[in-house]
Structures are given as C-alpha cells and as structure tokens.
Amino acid sequence: MTGAPASAAGGTSGAKGATSASGVPGAPSAAGDTRSVRGGKLGAAAVNQASLWNIANILTMVRLVLVPGFVALMLMDGGYDPVWRAWAWAAFAVAMITDIFDGHLARTYDLVTDFGKIADPIADKAIMGAALICLSSLGDLPWWVTGVILGRELGITLLRFIVIRYGVIPASRGGKLKTLTQGIAVGMYVLALEGPLATLRWWVMAAAVILTVVTGLDYVRQAIVLRRRGTAEREAAAEGAER
C-alpha cells in the first residue's frame, strides 16, 4: 500500500520469493506466470461480460422499451385525447433525451460495445418511425412526409452498409441538426396543439423535411466519393503488388 518494494518489507521472505522454481534468482515462476495469465484472461472476460450492462446500453434498452409504451399512449381512446397525447409526448421526449446521452456517455467513458452499435440506431429509428406512423394513421401528418423521412433513414442505413468496405461515413453537423429538428417537429405534432403553435409546428416540420432531403443527398455524395477513393486505392495497391 505504501509503494515500498517487497524486499524492503520482508528481507528473507522477499529473497525467497525472488528465487524461481528453476533456482534462478529474479526469474519468474512458471506456475506464477500461468496463474497470472489465466487470471488476466478471466478478468478481461469478466469486464467484457459486464460491459453489456453499462449505463449507455441501459439507456438504449430503456429507449427500446419505450417504443411500445409510446404507441399505446398515442393510440389510447382513439388517439385524440389531449391528456394521453401529453403522456405520449413525455415518453417520446424521454426517448429523445436518452438518445443524446447514451451516445455521449459511450464515447466519453469508452463504453462502446457491439450491442450498442447495433441497438442504438435501431432504437433511434424505432421511436421516430413509431411516432411518424402513428401521426399519419391518425391523419395528423401526411403520409408522404412519413415516407420521405423513413425512406431517407432506411436508405442511408443501407448505403452505409454498402460502402463500409471502403470506409465509414461520419455523422455530419447537418445530420445532427436534422435529427434535432425532426425530434422537435414530431414532438410538437404528438402534442394536441392548436392556434399559432399548430401553425408553427407545420413550419418546423417543413424545415425537418428539407434537412432530411438535403443531408440525405450529402450522404449519397460522400458515399460516392468514398467508394471511388477506396476503389482507386485498391487498384493502386494491386498494381504495386504486381510490380
């Protein structure tokens, strides 16, 4: 605990401990090495198993659980009761907030896991898709708006998988602004707003749709550039290998 070497803490015992099974002073014991390696592997395995239950993944799981709850609240009593719509908005708001924090926590505290990489985007699209489909089925939002937003999200996800062999398309500031605008717009539609606020939400949704289309086209451009660059690098590497 004090940081003093073992030899200073106990002379004879320290000297004996320094002699290995092979009789060479200072050489590590083979049995001790085996125990250390096994202990290290077991410790690493325990950490990897426990990492699934870190705070970032728990928030992602909460967001997934909120999806069916949100749908139930949204459609309660025909879907037009202002009180149930307010509760649905609360569930949607919690989901959006956890979306912000789980990614930040995962990156800041090195809590990124394979589960999080898969579940996080699924949870994001599930809550947004559920809200849009509910709103369109209730007649509050045109189906073409839902189609544009969901089509863009699914299309970009597929595009990322197609070009992943060439590299990763990073999230842009425009994409983050799009997500924020979509969340605000959908949240305003979930609430039973009237008067000027009802008019305002239309403009916010219009901005969200424009950002959805513009950022989607930008991702397509990035994917084309990434694919061309990756193809050129592979061809150059093949030519270099032939020489």
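The figures here come from the full heavy-atom set of this structure, side chains too, leaving out hydrogens, waters and symmetry mates.
Without hydrogens or angle criteria, T146 side chain to I133 main chain gives no donor-acceptor distance under 3.5 Å.
One finds the CG atom of L191 at 6.0 Å from the CH2 atom of W89 (value rounded to the nearest 0.5 Å). One distance of note links CE of M61 with CG of L64; it measures 8.5 Å at 0.5 Å rounding. Note that CZ of F92 is 4.0 Å distant from CE of M128, once rounded to the nearest 0.5 Å. Taken from OG1 in T98 to CD1 in I58, the straight-line distance is 12.5 Å, to the nearest 0.5 Å. Atom CE in M205 sits 11.0 Å away from atom CD1 in I184 (nearest 0.5 Å). Remark: I149 CD1 to L141 CG distance equals 7.0 Å, nearest 0.5 Å.
At a threshold of 4.5 Å between side-chain heavy atoms, the hydrophobic network of Ile, Leu, Val, Met, Phe, Trp and Tyr places V71 and Y80 in one connected group. Grouping the Ile, Leu, Val, Met, Phe, Trp and Tyr side chains by contacts below 4.5 angstrom, directly or via other members, places I122 apart from L154. Under the 4.5 Å side-chain heavy-atom criterion for ILVMFWY residues, no single connected hydrophobic cluster contains both Y166 and F161. Linking Ile, Leu, Val, Met, Phe, Trp and Tyr residues whenever their side-chain heavy atoms come within less than 4.5 Å leaves L73 and I127 in two separate clusters. Placement of V209 and L200 within a single hydrophobic cluster is found when ILVMFWY residues are connected by side-chain heavy-atom separations under 4.5 Å, directly or transitively.
Note that R160 lies in the cation-pi zone of Y219, set by a 6.0 Å cut-off to the ring centre and a 45° limit from the axis.
When every heavy atom of V204 is checked against every heavy atom of M188, the shortest pair comes out as CG2-SD, 4.1 Å. Heavy-atom minimum distance, L159 versus A223: CD2-CB, 3.6 Å. Closest non-hydrogen pair, G79 versus L138, comes out as O-CD1, 3.6 Å. The two atoms that bring I156 and G216 nearest to each other are CD1-O, 3.7 Å, heavy atoms only. Summarising the geometry of V213 relative to V148, their closest heavy-atom pair is CG2-CG1, 4.0 Å, with the distance given to 0.1 Å. Here the closest non-hydrogen pair linking R201 and L193 is NH1-N, 3.9 Å.
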Do R152 and T215 pass the side chain to side chain contact (heavy atoms under 4.5 Å, CB included) test, and can you show the C-alpha distance, the side-chain angles, and the key distance before you say yes or no? CA-CA 9 Å; R152 184 267 192 200; T215 56; 2.8 Å; yes
From CA spacing to verdict: salt bridge (Lys or Arg N to Asp or Glu O under 4.0 Å), R85, D77: CA-CA 10 Å; R85 293 283 286 259; D77 286 345; over 6 Å; no
Audit row: Y189, W202, side chain to side chain contact (heavy atoms under 4.5 Å, CB included) steps and yes/no: CA-CA 9 Å; Y189 269 86; W202 186 91; 3.8 Å; yes
Going through the checks in order, is the side chain to side chain contact (heavy atoms under 4.5 Å, CB included) test met by F70 and V65? CA-CA 9 Å; F70 165 80; V65 172; over 6 Å; no
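Contact annotation: the side chain of M74 approaches that of L135 to within less than 4.5 Å [non-hydrogen atoms, C-beta and beyond]. Put simply, the side chain of R234 reaches to within 4.5 Å of the side chain of R165, judged on heavy atoms. Using a 4.5 Å heavy-atom threshold, the side chains of L150 and K125 count as separate. Side-chain atoms of K178 and E153, non-hydrogen and from C-beta on, do get closer than 4.5 Å to each other.
Of the candidates V190, L75, V186, C134 forms a side-chain contact (heavy atoms from CB on, under 4.5 Å) with just one, namely L75.
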